[in-house]
Structures are given as structure tokens and as C-alpha cells.
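Chain naming here is simple, since letters A, B, ... match the order of the sequence lines and numbering starts at 1 in each. Only a predicted model underlies this, so the values are computations on that prediction, with no experimental measurement involved.
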Amino acid sequence: MRYEFKTIDKKWQKRWEEAHAFEAQSDRSKPKYYALVEFPYPSGEGLHIGHPRPYTAMDIIARKKRMQGYNVLFPIGWDAFGLPTENYAIKHKVHPADVTRKNIAHFTEQIKALGLSFDWSREINTSDPSYYKWTQWIFLQLFKRGLAYKKEMAVNFCTSCKVVLANEEVVGGVCERCGSEVVRKIKSQWMLKITDYAQRLIDDLEGLDFIERVKAQEINWIGRSEGAEVRFATTAGDDVVVYTTRPDTLFGATYMVIAPEHELVARWKERLANAGEVEAYQKEAARKSDFERTELVKEKTGVRLEGISAINPVNGKEIPIFISDYVLATYGTGAIMAVPAHDTRDWEFAKKFGLPIVEVVAGGDVENEAFTDVETGKLVNSSFLNGLEVKEAKAKIIEWLTEKGLGVRKVNYKLRDWVFSRQRYWGEPVPLVYCEKCGWVPLPEESLPLTLPEVEHYEPTDTGESPLAKNEAWVNTTCPHCGGPAKRETDTMPNWAGSSWYFLRYCDPHNNGALASKEALDYWMPVDWYNGGMEHVTLHLLYSRFWAKFLYDIGVLSCKEPYQKRTAHGMILGENGEKMSKSRGNVINPEVVIADYGADGLRLYEMFIGDFEKSAPWSQASIKGCKRFLDRVAGLTDLIRGEGVTPSLEASFHKTIKKVTEDIDAMKFNTAIAAMMALVNEIYEAGTLTRNEMKTLITLLCPFAPHLAEELNEYLGETTLLSLAPWPTYDEAKTKDERVEIAVQIGGKLRGTVSVAASASREEMLDAAKADPKIKELLQGKTIVKEIAVPVKLVNFVVR
RNA sequence: GCGGGUGUGGUGGAAUGGCAGACACGUUGGUCUUAGGAACCAAUGGGCAACCGUGCAGGUUCGAAUCCUGUCACCCGCACCA
């Protein structure tokens, strides 16, 4: 048969749709399998060549599970709120909803052209009021339980998008989306207390099947550290609490540093001999963005608070207090005890300001550099801690501090609360009103959704207020609590809100009475396998795990973790090995590839391109090999003779079924395809195969190249969909060859091969090797010291 | 600095203690063709050879791309987090 992909692709896509072939079934007695891909943001750019890689991979997994008898949920939807759409709407003066609708239509067409087995009956859209009703509902539950709160704070403000960004959205000091400068601004923001879940977000990773780098990156981001808070008295009367991970070095604390924003600085102003200098430094620090502050890593700056000292609680010594921007107000207590002998930063600062460096852990040369090793070295100059190892000293000093009421063991996290407000139009409205009498009041749940009102302009204001603030008719409302006048919150939710729970909606997408029914959630959740990009590990993955845990706490979900397994795909790079981008001119358009090689050609190549988890450069030349393979599979129809088993191919078939089955589960798609290619090569060498062998081959191929597989299935006279046929099984015993070539080594070096029965004993293998004329000659006159025989693999003679 | 990862032919990549380079691309030669950016056949790590080859240097082992020690280079994430 000739492979005419242009007609075949469309024909089968239509058949699958008409048959509702890939819709998840309501029969909950069957074992379920929930395969999930990250739903796309429907940008105006259309589908990128990178999208089909994870989609096809999970499609292969979903298709195989379906063929293995599972009730499979493999859904798709749209992460439709977002800045690019809003920016486009502003520029072209169209409603963001219209832009979104158009983009989704384009994406849908492109995705359908790939022949992915998505269940389109469960399609969702985060900007649909029937969806964001439940995003708002979840927010209200968070609010009611004190996990959403409003806070005046310094935030990251993008000068171009005119919007507040979460810490996670600031990359290298610039806006993650547009690359513009980010500055600090004081704003009142809605915050979500993700920090309450920090420990659980670490602990519950255990037992999950997440790839190592995802786990490591999440743990690293949460940034747990163990130490102690220690209270220092001051000559000003107020105490200062510092956080340290090295309480063992307390005797070496020769000065103290507090953050420029620390509240005590303002309180002490009148007592300072150099108040002017201190104030100037505070102003300078406040002006700088986070990026500028961290960029000036080379040189430490700071100002001493003249006239006030702290008192080291262990030895009563007075030590100077500085303010410096190397201490962050937002971490720990915003104050540190400085131990220059054993902390690199403190050491640099001490050298610059001529402060004393007192060694308290022996083992380094503290005049030349800080000695930070905690494994070796014993405590010195530390009274009752002398002679102890660091670990012992830590325990002992904490015990001592606790007894005296001077300190306490303390755990800190780098993770900060989630800034949940955006001063933008195209997002979920926050369902709260502000009443002068009652404060922030939630809207009644039955009034949800609070829909986005029409506005004339979508531009954010220069003051950083949301465009919604200009719509007075909408803003002014009544308080649901007291009935008095109230104003609506005009900030909207961030893009991450809708994507933090979308996988739950898929379980029951048309439910009007709940975000999903308990029965549906209990059956489908957790997601069995979720694949996505590494760029979402510290954002989407962490946020959605947090929401899932919250929903677990309030009884909506029955599982503590939403995803049982998480993998990540590598990027597809341009032919030159660089990231694909318009500006580099190395972008490949999936539509063009499909036009030239068919959907199956693209699918197969994206899976064959290399290790799924690693980036790989696109190659216009290599894709031809995949197309050639599909042509060769189609051409096999000429070789079909009868039914049954072709003896010379039997073992190869069993081996290939085994290999493909196992490789799909391990995401080793490239080697699975290689195995099928090798089998096809063998069949051509044999020059013949049976009808049922052909059927086995196309069944194996079906998850990878479903259109061609279905067409060949029809060619074989079948009338039912191959996509729903049972997955082939293999007989382990038949995957083994009867005779095998084994390697013969002398002194570990390959000297020849001999053919033996696979079941050959040690003696038989050794005898066969010795009987080989070449080996015989090489062993002539040598004394064999040792003989090694590994069944099916090799024999090795160690000689003298 | 901390955390994770990678290093193998001309190229993408196989092989996780047992015949390095599966499978594919490319290249070379050939067949068929009016033609070929088609198809098919053959060869293809290097070296005339003995031999040499998985970033580099050691080690363990009968045997190492694979395990251990050290080292270099590159990529990703975080980064003044006390």
C-alpha cells in the first residue's frame, strides 16, 4: 500500500471524532488512568513546534493504556487569561475575549491536526465564567480560613506591563514576560499564605514519582534551614532577635547587622549620633530594586548605628550594630549576628570596616578567609562549648539559650507568600467588597461568578491601578453584610489562579453545583502521570500542589498530592542548536512540517529526535528517516503471505513487543521506535510476513503513528478501530534466541566470537571457545589462570 | 557559592559492569531512471598494520562509557536566605 498521508490523516481524525473514541467512560468499575499535559496558553503565535513533543508523548502513553484496558482520561483545555492577550487587545482595540476565542479556534485546529487522542468533550477554558466561578469559590474558601490576606508591601512592579509581579515572575531582575526593568513599589496586595504549607510541600514529595531534578528544584526553592533565634539586649533598651543557622558560633559574634528597613531603626533615630547618614543609607536602599541590591555583590556597604550597641548574651560584651542591605528584611527576623570568622559575607564586611575576627571553630585560617566547614573542626574560645564538634555545640548552645530564655530553636524557609493581586483587566475578579464598617467582606457563594464587566479601555493606569477602577458603576456596590455602601476590589487574580486547579475540573467539567463532584474526584484523582516543562516547577507546580493540599484540608479532595508522577520534557531547539525564536530566524512551523511529512511523520520524528528529557536540535534532514520508515511500513503489505508465524521472525516479534511496551512506560520513545525500525528491516530481509504479524506490528505502531496504523488495519479488512484494539502481549520464553553468539576474550580483550546454544553450560561455552581455531592458536603455550563464563554473553580466559 | 545535570563517530543518539557506536541522518560507490532533493543495494569510528578509541588523570575488577577518587569544560535552576 502507498502511504498517502494527506487523505489518511483527515479521514481517521474524522472517524475518531464521530466514534467518540477517546472520551473517558463513565464506567467507574474499570481501572482508571489519568494522563495530563500542561494546558496551553492560546497565544496569537499559534502552536509552536515544541508543543507536539509533550503532547505526543502523553498521547502515546494514553493510547497504550487505553489499549491495555484502562479507562483513560486524557483532557485538554485553555489557560486563557493572561497578559499577552490583554496587550494585544489594547493595541488593536478589540475585546480580550474575542482575541481569546479566535486564538483558541486556531489552536484547536492545529492540535486536532496532530491526531492526539484528547477527550474534547471535557474541554475547559479558565476565562469562561462557568469555570472561574470555581476559581473565585476557592479563593473565598482561602479567605474565610485566613489564608488570603491584604498587606502593604514592597512589590516587584514591571515598568512596561505596569503590573505587580510575583517573585517567581522576576527573572534576573527583569520581567519574565516582557524583559523590562522591575522596580520596587509599596502597594496593598492580596497575599496567599503558601508559607503555611512549606513543610508539607517538602515532606509530601517523598513517595511521589517525580523526577529528581523536579524534586530538588522544589526543595531548593522552598529553602528550608534549621537554626535558632537569639535575643540580644541593646544599650537602647529594646531587644533585637536575630536568626542564625550557626548558634554554635555565638561566642564569635563581634557585631550585629540589621536590615535598613528594620522597624527599630526608625524607633532609635533620635538616639543616633549619625541619624542623617543612616537615613541617607535607608533611602538609597529603598530606591534600589532587588536586582540592583544583589548585583552589587562585589562590595559590601553599610552604616554603623552610632550611640547604640548590642550585648552578646553569652559573654556580655558590647558589640556595634550596623545597617546594611546585605541583610534582607524579608527573611528570618531581618537581623543577624555577624560571625566574621565563620561566614564569608560577615568576613568581607568585617575586613572592610575593620571589625574584630574571633575564631571559635579551629581548623581554618580566619585571618585570610572565613572558615565555614561544619564537618571538621572543634570549638575554641567558647567557654563551655570548647572542644565540642560543631554539631554537638549547636545542640548544647540551643539547650543553654532555651533554659535562660534567650533563644529558641527555629526553622526558616526562603519561600514567601504568594502575591495574588494583579492590576489588570483580563483575569478573574476578586469576589470581595470593601465596606467602611465591615472591612473586607466576601460575596455570597451563591452570587458567583462575579463576572468581568465591560470597560472602555483595558490600559492599566500609570498609578498602577487596575482598569476596572475606572468603571464606577461596577466598583460602587453594597455590602453583603450590612447593606451599606461598599466598593469592589478592582485587582484581578494572577494567571496562575486558573491553572492551579484545572486538572480537577477535567474530572467533572460541566458540574454547576461544585468544582467537581466528590465521586468524580475520588475516582480520577490523583493524576497518574503529569508531564510538563521545567519552567513551571517553582510556579505552577508549587502553587497547584498548595491549592490541592488546601482542598484536601477542607474535604474537597481525598488525596494529599494532586500528581502521582511528574516528568519533564526537553526543549526542541533550532537547527543551529539555539533556542527557537523569531529574532533568530530559526523557527519551524508545525503546519508546514505536517504538510510535507504528515501528522505521523511529525509525531514520529518528535519522539525519535532524542532522549525525551533532554533538549534536542531540530533537523530537517533527519525527519526524512521517519517518513521513510512509515513508507516502508506501508510497503510491507506487498509481503503479506497467509496467517500464523514466520519462524525466522518469531523471536524478533516477541522481543519487539516487549521492548516497545517497556520503553513507552519508561518514556524511551526513541529506542522504542528504533526497535520497530529494526523489526521492519528484518522483515524486509526475510521477504515475507503473515497477516497477523502485520497486525501485531501496526498495533505496536498505533500509539506513535495512529493514522497510518488505522489505515493499514482497514487494509487488512478490519472494521473496528485499531486505536481501541487490545495491546499485543509477548511470551517471555519466546523473546530468547535458541543459539547465541558469545564473545571470547583473552585477558579481557575481544579475540573472537563463537556460536553456542543459549542454554549452554559453563563447560560447553568454554569448550566451544577453546575449539575455535583462532582462539586455540592464541592460547597456544599460555597457561590459563582463570576461566570466566557469563551465560549468553561471553567467556574470558585469564592467561599468564 | 549552593542544588541538579551533561560530556560517546561528520550529526542526532544507543549501550547502566560483559562484543562501544543499536536505530537514524549525512557521506561515498553502485542499480534503475528523460530526470531526481525518489526508491533500492553495498560501504561507512580512527589507523596500511600491530593496534587505538566514550572530556582528562588515576583506581577497583578477569572485564569499566557504566563503579570509586581527583580534575576540566559546558548547560539549567537558585543566589548577600545569615
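- Annotation: rG21(B) and rU66(B) have their C1' atoms spaced 15 Å apart (nearest Å).
- Place C626(A) and R246(A) on RNA chain B by their nearest nucleotides, and C626(A) ends up nearer the 5' end.
- Side-chain contact, H569(A) with E613(A): no donor N or O sits under 3.5 Å from an acceptor N or O.
- Aromatic rings from F349(A) and F322(A) are positioned such that their centres are separated by under 6.0 Å.
- Formation of a donor-acceptor pair under 3.5 Å by the R53(A) side chain with backbone atoms of I572(A) is not found in this model.
- rA20(B) and rU54(B): their C1' atoms are spaced 8 Å apart (whole Å).
- Atom name C1', nucleotides rU27(B) and rC48(B): the rounded distance is 23 Å, in whole Å.
- To the nearest whole angstrom, the two P atoms, one in rA50(B) and one in rU6(B), are 36 Å apart.
- For M677(A), taking side-chain heavy atoms from C-beta onward, the closest of the listed nucleotides rC23(B), rG18(B), rG4(B) is rC23(B).
- Note on Y331(A): a side-chain N or O is less than 4.0 Å away from OP1 or OP2 of rA82(B).
- Of the listed nucleotides (rA15(B), rG77(B), rG4(B)), rG4(B) has the atom at the smallest distance from the side chain of R213(A).
- Counting non-hydrogen atoms under 4.0 angstrom, K627(A) reaches nothing in the nucleic acid.
- Of the side-chain N and O atoms in N220(A), none sit less than 4.0 angstrom from OP1 or OP2 of rC2(B).
- rG7(B) and rC67(B): their P atoms are spaced 11 Å apart (whole Å).
- Closest to the side chain of D325(A), from the set rC19(B), rC62(B), rC80(B), is rC80(B).
- Using atom C1' as the reference point in both rA14(B) and rC78(B), the two lie 34 Å apart (nearest Å).
- Nucleic acid contact class of S615(A) (heavy atoms, under 4.0 Å, all strands): sugar-phosphate only.
- For N681(A), a side-chain nitrogen or oxygen approaches OP1 or OP2 of rA24(B) to under 4.0 Å.
- Of the candidate nucleotides rG3(B), rA14(B), rA82(B), rG3(B) has the atom nearest to the side chain of A216(A).
- Between the P atoms of rC74(B) and rG36(B), the separation comes to 47 Å (whole Å).
- Under the side-chain contact (heavy atoms from CB on, under 4.5 Å) criterion, K782(A) pairs with V799(A), not counting sequence neighbours.
- An OP1 or OP2 oxygen of rU11(B) is reached within less than 4.0 angstrom by no side-chain nitrogen or oxygen of S619(A).
- Helical stems in RNA chain B, defined as runs of 3 or more consecutive Watson-Crick or G-U wobble pairs with both donor-acceptor distances under 3.5 Å, are listed by first residue as B:1-7 with B:72-78, B:10-12 with B:23-25, B:26-31 with B:39-44, B:55-59 with B:67-71.
- The salt bridge (charged side-chain N to carboxylate O under 4.0 Å, His left out) analysis of residues 241-258 of chain A, with sequence neighbours excluded, yields the pairs R246(A)-D248(A).
- Applying side-chain contact (heavy atoms from CB on, under 4.5 Å) to M676(A) and the options V660(A), N681(A), V633(A) leaves one that passes, V660(A).
- Looking at heavy-atom distances under 4.0 Å, Q217(A) makes contact with sugar-phosphate atoms alone, never a base.
- Contacts of K793(A) with the nucleic acid, taken as non-hydrogen atoms under 4.0 Å apart, involve only primed sugar atoms and P, OP1 or OP2.
- Of all nucleotides listed (rA82(B), rC52(B), rG18(B)), rC52(B) comes nearest to the side chain of K749(A).
- Comparing atom distances between the V790(A) side chain and each of rC19(B), rA14(B), rG18(B) picks out rG18(B) as nearest.
- Side-chain proximity of F608(A) to rG18(B), rC51(B), rA24(B): nearest is rA24(B).
- For the P atoms, the distance linking rG63(B) with rC80(B) amounts to 50 Å, nearest Å.
- When rounded to the nearest whole Å, the span between NZ of K614(A) and P of rC76(B) equals 16 Å.
- Under the side-chain contact (heavy atoms from CB on, under 4.5 Å) criterion, D209(A) pairs with K565(A), sequence neighbours left out.
- Where A616(A) and T333(A) each meet RNA chain B at their nearest nucleotide, the meeting point lying more 5' is that of A616(A).
- Judged by distance alone, the side chain of S755(A) and the main-chain N or O of E741(A) form no donor-acceptor pair under 3.5 Å.
- When rounded to the nearest whole Å, the span between CZ of F669(A) and P of rA14(B) equals 13 Å.
- Note on E741(A): a base of the nucleic acid sits closer than 4.0 angstrom, heavy atoms only.
- A donor and an acceptor atom, one from each side chain of Y413(A) and S225(A), are nowhere located under 3.5 Å apart.
- For the residue pair T56(A) / E606(A), no side-chain donor-acceptor distance below 3.5 Å is found, with atom types taken as modelled.
- The side chain of K300(A) has rC80(B) as its nearest neighbour among rC78(B), rC80(B), rC62(B).
- Residue contacts shown for I609(A) are limited to sugar-phosphate atoms, with no base heavy atom under 4.0 Å away.
- Listed candidates were rC51(B), rC19(B), rA82(B). Nearest to the side chain of V327(A) is rA82(B).
- Residues passing the side-chain contact (heavy atoms from CB on, under 4.5 Å) test with V790(A) are I788(A), K793(A), L794(A), sequence neighbours excluded.
- Within the cation-pi definition used here (under 6.0 Å to the ring centroid, within 45° of the axis), K300(A) qualifies as a partner of Y326(A).
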Can you tabulate the close N/O pairs, meaning under 3.5 Å, that link protein atoms to atoms of nucleotides 36-39 of chain B?
{"from": "rA39(B)", "atom 1": "OP1", "to": "R628(A)", "atom 2": "NE", "distance (Å)": "3.2"}

